[in-house]
Amino acid sequence: MAEAAAAAAAAADDVDDVDEDQRSDDDTFRIMVATDCHLGYLEKDPVRGNDSFKTFEEILILASDRQVDFVLLGGDLFHDNKPSRQCMHRTIETLRRYTMGDAPVQFQILSDTKINFPFTFSSANYEDPNYNVEMPVFSIHGNHDDPSGTDRLAALDLLQAANLVNYFGKSNSADDITISPILMQKGDTKLAIYGLGSVRDERLHRTFASNKVRMKRPAEDADEWYNLFVLHQNRVKHGEKNYIPEKFLPNFLDMVIWGHEHRCEIAPERGPNQNFFITQPGSSIATSLSDGEAVTKHVALMQVNGKKFMFEKLPLKTVRPFVMEEVALADQDLEPTEKDKIEEFLMDKVQDLVDKANRRQRVHEKLLPLVRLKVEYSGGFTSLPSQRFAQYFSGKVANPKDLLLFYKRRVSHRAPRDDKRARTTMDADRPRPEQLTSSRVEDLVSELLQEQPLELLSSKTMSEALKLFVEKEEASSIKDSVTYQLDKKQKLLLRDGLLLEDEADVSKALQRDVAAQDDEALEDALHAASVAEKEAIVAAAASSSAGGRGGRRRAANGGASGMDVGASASDSEEHEDIAGAAAGGGGGRSRRSAASARRSPAPKRSSAKAKPKTSARGRGTATTRGAKATAASKRKRKQASESEGDSDEDGDVHISESDEGSDFDPGAGVEAPTRTVPKRAAASKRRQFVASDSDDEVAEFDPTKRSKKGRRR
């Protein structure tokens with residue numbers, strides 16, 4: 001406490017050195033400082049959905065009324081890594097309303113903006129002649145709105161591209177970081193702003209410990225610059241390396257603006273062995289019902305003149321009031337069996353907190369307060385259902401479902417070996433957000449991978465990818481991580497000569513696997529099909545798998561052999577359509593035609609080449625569009641062809657051009673099929689055609705036979 005008082009006194013001395021004339025002249029920077037605005041938090045909640053936007057608007061109004069030179073944000077402008085369209089729209093609308101104007105900017109940037117803002121438009125937004133910006137906003141990213149994805153884009157990149165925010169502090173590496181300051185000058189005051197967006201604390205801790213975080217200083221008159229550092233990391237120790245110790249920061253700094261911690265400790269403090277002050281503005285909205293969020297929210301107006309500064313605390317009036325207390329039922333005049341009295345006692349206690357919160361409100365428009373009562377019910381007491389409290393205080397508080405938090409204090413009955421008194425410990429407060437945040441995804445994964453280590457992939461990299469998948473909703477993070485690691489391993493194996501030199505072997509092995517899968521699928525289809533469909537599939541496959549470069553033509557010939565042959569070349573156009581249908585099965589004569597083609601010499605070549613039509617799959621393996629007629633009509637046509645058709649010496653099958661003398665009537669007693677042959681084929685069914693010849697016999701069906709291109713025939 002004495003050290004804090006001494007630091008506050010030293011800060012007051014620095015402020016006293018800046019007189020009133022200096023604070024208002026052209027040599028003084030006026031900066032509005034805020035962190036952790038969390039825009040979009042609970043935006044779908046009917047009561048609390050607008051809280052973050054109202055408070056952010058209040059911050060910009062305070063900055064505009066006090067005519068600041070710029071606004072400096074310490075990360076977590078957005079609550080989500082991927083803000084909704086509604087959130088982005090309201091943010092852009094608010095920034096445009098309060099940052100645009102005709103008033104001139106009184107300071108200039110001396111450093112290389114291509115290094116400070118390495119984006120498409122490498123300059124500060126107020127320097128763009130196409131925009132009138134009178135109050136620039138400078139911001140780093142936090143752990144909620146940090147860059148992600150393959151392009152490592154953050155929500156602030158969108159605002160940067162829209163020329164509404166100056167986004168800085170983005171590092172491409174977490175293991176070797178170099179920070180170049182934004183050098184500003186206003187009159188005789190020189191200001192150097194260093195920024196570092198949120199990095200995973202363990203990695204940044206290791207990088208600091210390895211002396212791989214370097215901050216560049218101006219080459220000329222380095223001692224004349226007021227050095228200000230903005231970061232967004234854990235300040236409170238959550239683990240051995242899960243925070244950034246203040247001793248890691250260099251002593252040439254003058255002020256550190258520390259984001260991420262939500263407890264408001266905005267008064268500048270300086271440690272005993274430090275030359276710089278630290279201010280922790282805290283969040284502008286309560287995102288959890290914890291003790292730190294119950295502290296009154298502030299922002300700060302910081303004024304810098306030369307090497308002196310002044311801080312003015314500005315309370316935020318639009319923040320929803322939040323009160324929190326704790327009570328132990330065993331300390332009250334209550335018995336565990338008196339449930340009605342216990343409920344009445346808690347009702348009165350909550351009502352007192354509601355009244356207390358309402359008295360804290362600073363605005364005329366009363367807001368429903370946030371209330372949390374922690375109830376310790378050890379000593380035989382039981383917890384009460386929260387639904388009754390939620391119904392009773394609905395419309396009186398903003399969080400009726402989270403009013404009460406019950407926990408137990410238990411005594412360990414196992415005495416130590418040295419017969420010392422057993423210690424009394426507090427049971428873990430399971431619903432507490434601060435308890436939940438201590439169990440992180442990467443820690444759980446690391447524990448699991450220690451028991452079952454990975455051999456090919458990196459456990460650390462997979463843990464980081466899983467964290468992005470869970471917390472940042474990066475759907476492709478795990479896939480991208482695996483792809484990157486596999487490519488890296490393959491390059492190492494290729495360098496060491498451990499990969500197969502003949503890539504064709506690998507390709508052939510893959511093709512064999514695919515072929516085996518195709519054969520299994522075909523066998524399953526044959527097994528499931530009916531007898532007639534089996535024969536049609538086998539016939540079609542036999543005609544299409546004849547082999548050689550003339551596969552398509554032979555497929556047409558094999559199917560067309562079941563059709564009528566012996567026409568002139570003038571019918572070649574119609575023959576193309578009929579052959580295409582016949583290639584799919586040849587109607588009801590596919591079995592007979594296939595057998596006839598195997599035992600008979602090839603028919604004479606037609607004077608015109610017939611090119612069969614194939615299905616969308618190609619290779620003449622289309623399933624039977626013509627053969628999909630009803631089974632009854634197929635049997636009728638088959639009987640008629642067997643009774644009237646004769647095989648001549650050339651192996652050609654002739655069908656009579658007239659229906660006289662035949663008992664077969666294709667229209668009698670047969671229902672109209674749902675799927676028929678093509679119109680042109682049906683219209684020319686009585687004509688005689690000659691299929692294109694083929695010297696090869698129709699091969700037996702072999703499901704493993706392939707074309708020269710490795711595809712199924």
Side-chain angles (χ1 to χ4, degrees), residues 29 31 33 35 69-75 77 105 107-128 136-142 145-147 151-154 156-157 159-161 163 165-186 189-200 203-233 244 248-260 275-276 278 302 304 307:
F29 276 97
I31 309 168
V33 178
T35 64
D69 293 303
F70 60 89
V71 178
L72 185 59
L73 303 178
L77 175 62
V105 176
F107 66 92
Q108 58 180 338
I109 296 179
L110 305 179
S111 56
D112 188 357
T113 55
K114 293 182 180 179
I115 298 177
N116 301 137
F117 313 109
F119 307 101
T120 303
F121 307 99
S122 300
S123 62
N125 62 344
Y126 73 90
E127 295 178 342
D128 193 325
V137 177
F138 294 83
S139 179
I140 64 172
H141 66 259
D145 54 4
D146 58 336
D151 296 330
R152 296 197 73 252
L153 293 178
L156 289 173
D157 284 295
L159 300 182
Q160 169 84 17
N163 216 39
V165 167
N166 299 291
Y167 175 29
F168 71 108
K170 185 177 182 180
S171 178
N172 294 325
S173 174
D175 300 322
D176 192 356
I177 301 175
T178 300
I179 305 175
S180 299
I182 304 175
L183 302 179
M184 302 178 179
Q185 184 171 1
K186 183 179 181 182
T189 301
K190 299 177 181 180
L191 178 64
I193 300 180
Y194 298 82
L196 180 61
S198 177
V199 181
R200 197 162 63 93
R203 296 189 65 179
L204 187 59
H205 188 284
R206 183 175 64 251
T207 306
F208 265 112
S210 303
N211 295 323
K212 292 186 178 181
V213 178
R214 294 174 293 275
M215 297 185 181
K216 293 184 177 181
R217 301 191 64 184
E220 299 180 359
D221 303 327
D223 295 334
E224 295 182 2
W225 292 83
Y226 188 88
N227 301 295
L228 190 151
F229 182 35
V230 188
L231 79 162
H232 190 99
Q233 303 293 150
I244 303 301
F248 282 172
L249 305 182
N251 266 328
F252 76 85
L253 296 174
D254 298 296
M255 177 65 68
V256 176
I257 298 176
W258 207 301
H260 182 63
N275 295 329
F276 53 84
I278 298 178
M302 180 180 180
V304 179
K307 296 289 287 187

Engineer: Do side-chain atoms of D254 reach the backbone of N227 as a donor and acceptor pair under 3.5 angstrom?
Structural biologist: yes

Engineer: As a quick check of understanding, evaluate side chain to side chain contact (heavy atoms under 4.5 Å, CB included) for I182 and F138, giving each step before the final call.
Structural biologist: CA-CA 10 Å; I182 304 175; F138 294 83; 4.3 Å; yes

Engineer: Output the distance between atom CG (L204) and atom CZ (F248), rounded to the nearest 0.5 Å.
Structural biologist: 9.0 Å

Engineer: Would R206 and D175 count as a salt bridge (charged side-chain N to carboxylate O under 4.0 Å, His left out) if you check the C-alpha gap in whole Å, the side-chain angles of each, and the deciding distance to 0.1 Å?
Structural biologist: CA-CA 8 Å; R206 183 175 64 251; D175 300 322; 3.7 Å; yes

Engineer: Please lay out, stage by stage, how L110 and K190 fare under the test side chain to side chain contact (heavy atoms under 4.5 Å, CB included).
Structural biologist: CA-CA 10 Å; L110 305 179; K190 299 177 181 180; 5.8 Å; no

Engineer: Give a yes or no answer on whether the side chain of N166 reaches the backbone of N125 with a donor-acceptor pair at less than 3.5 Å.
Structural biologist: yes

Engineer: Provide the closest heavy-atom pair for N116 versus S111 in the form atom of the first, atom of the second, distance.
Structural biologist: OD1-OG, 2.5 Å

Engineer: Between the side chain of Y194 and the main-chain N/O of V256, is any donor-acceptor distance below 3.5 Å?
Structural biologist: no

Engineer: So, for N275 and N251, which heavy atoms are closest and what is the spacing to 0.1 Å?
Structural biologist: N-OD1, 3.3 Å

Engineer: Using 0.5 Å steps for rounding, measure from the OH atom of Y167 to the CD1 atom of I140.
Structural biologist: 9.0 Å

Engineer: Should we say atom CZ of F121 is surrounded by more than 12 heavy atoms from elsewhere, each under 6.0 Å from it?
Structural biologist: no

Engineer: Calculate, to the nearest 0.5 Å, the distance between atoms OG1 and CG belonging to T178 and L196 respectively.
Structural biologist: 11.0 Å

Engineer: Taking it one step at a time, do V137 and L159 satisfy side chain to side chain contact (heavy atoms under 4.5 Å, CB included)?
Structural biologist: CA-CA 10 Å; V137 177; L159 300 182; over 6 Å; no

Engineer: Looking at P118 and I115, what are the two nearest heavy atoms and their distance?
Structural biologist: CD-O, 3.7 Å

Engineer: Between the main-chain N or O of G74 and the side-chain N or O of H232, is there a donor-acceptor pair closer than 3.5 Å?
Structural biologist: yes

Engineer: Quick check against the 3.5 Å criterion: does K170 have a side-chain atom that pairs as donor or acceptor with the backbone of R152?
Structural biologist: yes

Engineer: Would you confirm whether K307, through its side chain, and W225, through its main-chain N or O, come within 3.5 Å as a donor-acceptor pair?
Structural biologist: yes

Engineer: Between F208 and I177, is the side chain to side chain contact (heavy atoms under 4.5 Å, CB included) condition met? List the steps.
Structural biologist: CA-CA 9 Å; F208 265 112; I177 301 175; over 6 Å; no

Engineer: So does I244 get a backbone contact from the side chain of Q233, meaning a donor-acceptor N/O pair under 3.5 Å?
Structural biologist: no

Engineer: Minimum heavy-atom separation for M255 to I278, with atom names?
Structural biologist: SD-N, 4.4 Å

Engineer: So, taking the atom named CD1 in I257 and the one named CG in L72, what distance separates them when rounded to the nearest 0.5 Å?
Structural biologist: 4.5 Å

Engineer: Using every non-hydrogen atom in the two residues, find where S180 and K216 come nearest and quote the distance to one decimal.
Structural biologist: OG-CD, 3.7 Å

Engineer: If you round to the nearest 0.5 Å, how far is CG of L249 from CE of M215?
Structural biologist: 6.5 Å

Engineer: Indicate yes or no for a side-chain donor-acceptor contact from S122 to the backbone of F119 under 3.5 Å, with no hydrogens or angles considered.
Structural biologist: yes

Engineer: Between V199 and S171, is there a side-chain heavy-atom distance shorter than 4.5 Å?
Structural biologist: no

Engineer: Kindly compute the distance separating CD1 (I193) from CD1 (I31), expressed to the nearest 0.5 Å.
Structural biologist: 5.5 Å

Engineer: Considering residues, nucleotides and ligands other than N172, do more than 12 of their heavy atoms fall under 6.0 Å from its CG?
Structural biologist: no

Engineer: F107 vs F29 aromatic rings, parallel, tilted or perpendicular, using cut-offs 30° and 60°?
Structural biologist: tilted

Engineer: Checking the side chain of T207 only, and the main-chain atoms of A174 only, is there a donor and an acceptor separated by less than 3.5 Å?
Structural biologist: yes

